[in-house]
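Here the structure comes first, spelled out in structure tokens, and everything after it is commentary.
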Amino acid sequence: MNPSTAQSRVLVDEFARGGLRHAVVAPGSRSAPLTLAFDRHPDIAVHVEIDERSAAFAALGIGKAGGVPAAVVCSSGTAAVNFHPAVVEAHHSRTPLLLLTADRPPELRGTGANQTIDQVGLFGGATRWAVDVSVAEQRRVGQVAYWRSVAARALATCRGRPPGPVHCNVGLREPLVPDDDATWPEPLDGRAGGAPWTANPRPRAATDPALVAEVAGMVQAAPRGALVLGDVRVDGPVAAGFAAAAGWPVIAEPHSGARTGDHVVSTAELLLAGDAFARAHRPDVAIVVGRPVLTRAVLRWLDEIATVVVIDADGAWLDPGRTAARIVCADPTVLLRDVAACIDGHRTTHFLAQWRHAERAARAAVDAALDSRAAPSEPRVARDLAGCLPDGALLAVASSMPIRDLSAVMRPREGLRIIGNRGASGIDGFVSMVLGAAIAHGGPVAALSGDLSLLHDQNGFLVAPAVDVDAVFVVVNNDGGGIFSLLEQRDVDGFERLFGTPHGIRLAHVAEVFGLAYHPLARAVDLPDLVAGAQAAGGLHLIEVRTDRDANAALHRELATIVADAVRG
């Protein structure tokens, strides 16, 4: 057996023993030994994507939806560089991702050999671990233990604390395809019974009783308190139980998984846009979990709170306003659950009553304003899509305006999982991430995207013919970058050319090119039926929602005004 084939088969077998079940492969010659080893392993599904950037984001989506790493494989040179955007997102969102870049052997590096760049440590500090795997040698004994140990460590580090991307750069010598010789100087087998080479179970989450008592005392001493949940997944019932025990309102970004329960203020971002309301409803203490990054209004409000306590499972320094009084390293779900258990009964505070009154008034005003328009609007599409999906569905939301609209107007609900590329908040790789998530998710999948996010990653649809996935893409098409119409750039000279960036592309043509079923949305009220019909039919669907950027900006200003009026009244 040639060395590259032996090494690749051992690495892939050890990855499978560690629980890896998906590999996304971008075709290439130097990576052929790895590609063939993945394809021939019975426990790993292989998905082929010709664009390396899209391949990496598809693997990222599998990791986001499934919580376990997928491998992404490419050849050497610029192919590996195209992984970098997904690596950055995985790093900041703490998503497990296994990167396997094929490379030339050491004797060809730095010589001007074709398709050779310096790939060692290519992704810098964005990886949890990076290893240049030693090149296999024909007659050297002891390599099998090294390969299996590297593979076991790579997977364990992907899933570690914090989880994230791991880069294995694998130098491979020719020949790059299997030969007829099955011999090797030592057994290639792993541990008996299919066990991993090195077991590395994750420790069970636990909290220090002294920490629980301290936080519980702080909560009980602060009737004017609030729980703020950002881009971190927290158990919704646990967050609701904590809020009930504390008597605190909850401000939860949609992808936290905790916009549920009676204590959630779903219109908080619109409420806090009013300076007078923000001042009058400022708590003495706020417990912040994750990074609340979607609106400046919430961040400004947090900056003025006397005591801000940040809870993070890894003790990350999540303090963009530099106002945190304390950063607590603890599993947020476990700590909130244990603190709630320490507090006697449920508490109803005057502060909570004020927030609930404002929520009822603002919620009614927002819903009435959105429902009064027959034509689709961007906020209503976000609200209605989140509301109409069945329990067990996954909703992927693109960065820029879609996630902000959802955060501003989504009603509380259970049974829906929401994900997005919120680590670095880029619009790139969205289609690929959604289809990767659809591969890993066991229920219905829908996506809410802007036109630029979809166009930016059209190549992501190229993986679809090779995999059996169902997903409904609801795409808001305002012919450009709609978010800039709501920002300070809207008043600069040359706005339309430099920021509005109209493209004039018909999304029906995009759907035709990639074989998606196309549905235009003419009336806002028809969205739930269109989505339900598309999900029943299966396959990939694109629902286009045509909007106007100026009208959308005016609607956002109107929503802020009617909410301010509603709470004053």
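Given the structure is predicted, the values throughout are model-derived calculations rather than measurements.
T95 and E89 form no side-chain donor-acceptor contact under 3.5 Å, judged by distance and modelled atom types alone. At a cut-off of 3.5 Å, with distance as the only test, a side-chain donor of T547 or E378 sits close to an acceptor on the other residue. Looking at D457 and S54, their side chains do bring a donor and an acceptor atom within 3.5 Å of each other.
With hydrogens and angles ignored, the 3.5 Å screen pairs no side-chain donor or acceptor of T157 with any backbone N or O of W129. A side-chain donor-acceptor contact under 3.5 Å links K64 to the backbone of G420. In this structure a side-chain-to-backbone donor-acceptor pair under 3.5 Å is present from R417 to A65. With hydrogens and angles ignored, the 3.5 Å screen pairs no side-chain donor or acceptor of R383 with any backbone N or O of L370. The closest donor-acceptor contact from the side chain of R282 to the backbone of I305 lies at 3.5 Å or more, if one exists at all. H263 places no side-chain N or O within donor-acceptor distance of the main-chain N or O of T260, the cut-off being under 3.5 Å. Side-chain atoms of D479 come within 3.5 Å of backbone atoms of H503 as a donor-acceptor pair (strictly under, hydrogens ignored). Between the side chain of N477 and the backbone N or O of E544 there is no donor-acceptor pair closer than 3.5 Å. Side-chain atoms of T333 come within 3.5 Å of backbone atoms of D235 as a donor-acceptor pair (strictly under, hydrogens ignored). With D451 contributing its side chain and G480 its backbone, the two residues share a donor-acceptor pair below 3.5 Å.
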Check step by step if salt bridge (charged side-chain N to carboxylate O under 4.0 Å, His left out) holds for R322 and D319.
CA-CA 5 Å; R322 302 188 182 277; D319 184 27; over 6 Å; no

Hey, mind stepping through W248 and F242 against ring pair (Phe, Tyr, Trp, His ring centres under 6.0 Å) and telling me if it holds?
CA-CA 8 Å; W248 287 8; F242 169 86; 5.7 Å; yes

Salt bridge (charged side-chain N to carboxylate O under 4.0 Å, His left out), that's the test. Do D312 and R94 meet it? Break it down for me.
CA-CA 12 Å; D312 184 75; R94 305 184 220 183; 2.8 Å; yes

Trace of the side chain to side chain contact (heavy atoms under 4.5 Å, CB included) decision for V215 with D338:
CA-CA 10 Å; V215 176; D338 292 350; over 6 Å; no

Candidate pair D470 and V445, rule side chain to side chain contact (heavy atoms under 4.5 Å, CB included), full reasoning:
CA-CA 7 Å; D470 302 326; V445 173; over 6 Å; no

Quick one: do V310 and V289 satisfy side chain to side chain contact (heavy atoms under 4.5 Å, CB included)? Show the steps, please.
CA-CA 6 Å; V310 176; V289 182; over 6 Å; no

Go through the steps for R411 and E359 under the test salt bridge (charged side-chain N to carboxylate O under 4.0 Å, His left out), then give the verdict.
CA-CA 11 Å; R411 299 184 182 108; E359 161 72 356; over 6 Å; no

Set out, in order, the CA-CA distance, both residues' side-chain angles and the distance that settles side chain to side chain contact (heavy atoms under 4.5 Å, CB included) for R128 and H91, then state yes or no.
CA-CA 8 Å; R128 301 291 181 264; H91 167 57; 2.7 Å; yes

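Between H456 and L452 there is no side-chain heavy-atom pair separated by less than 4.5 Å. I287 is listed as a side-chain neighbour of M218, based on a closest heavy-atom distance under 4.5 Å. Within the 4.5 Å cutoff, the side chain of V228 has no heavy atoms near those of the V308 side chain. R356 is listed as a side-chain neighbour of D262, based on a closest heavy-atom distance under 4.5 Å. The shortest distance between side-chain heavy atoms of V309 and V288 does not fall below 4.5 Å. Counting heavy atoms from C-beta on, the side chains of T127 and V166 never come closer than 4.5 Å. Within the 4.5 Å cutoff, the side chain of H556 has heavy atoms near those of the D405 side chain. Contact of the C158 side chain with the P165 side chain is not registered, since no non-hydrogen atoms from C-beta on lie closer than 4.5 Å.
W355 and H281 have their aromatic ring centers within a separation under 6.0 angstrom. Taking the six-membered ring for Trp, F123 and H84 have ring centres closer than 6.0 Å.
Contact between A408 and L270 at its shortest, heavy atoms only, is O-CD1, 3.9 Å. Of all heavy-atom pairs between R347 and L352, the closest is O-CD2, 4.4 Å. Of all non-hydrogen atoms in L335 and V328, the two that sit nearest each other are CD2-CG1, 4.1 Å. Between A330 and T207, the shortest heavy-atom distance links the atoms CB-CG2, 4.4 Å. Here the closest non-hydrogen pair linking A393 and L416 is O-CD1, 3.5 Å. The two residues L97 and A56 come nearest to each other via the heavy atoms CD1-O, 4.2 Å.
Between the CG atom in D384 and the CG atom in D371 there is a gap of 7.0 Å [rounded to 0.5 Å]. We find the NE2-CG distance between H255 and L229 to be 10.5 Å, quoted to the nearest 0.5 Å. If you take CZ on R300 and CG on D275, they are separated by 6.5 Å, rounding to the nearest 0.5 Å. Atom OG of S266 is separated from atom CZ of R259 by 6.0 Å, given to the nearest 0.5 angstrom. A distance of 9.5 Å separates CG of L389 from CG of L394, quoted to the nearest 0.5 Å. A distance of 8.0 Å separates CZ in R159 from CG in N200, rounded to the nearest 0.5 Å.
In R373, the CZ atom is crowded: over 12 heavy atoms of neighbouring residues, nucleotides or ligands sit closer than 6.0 Å.
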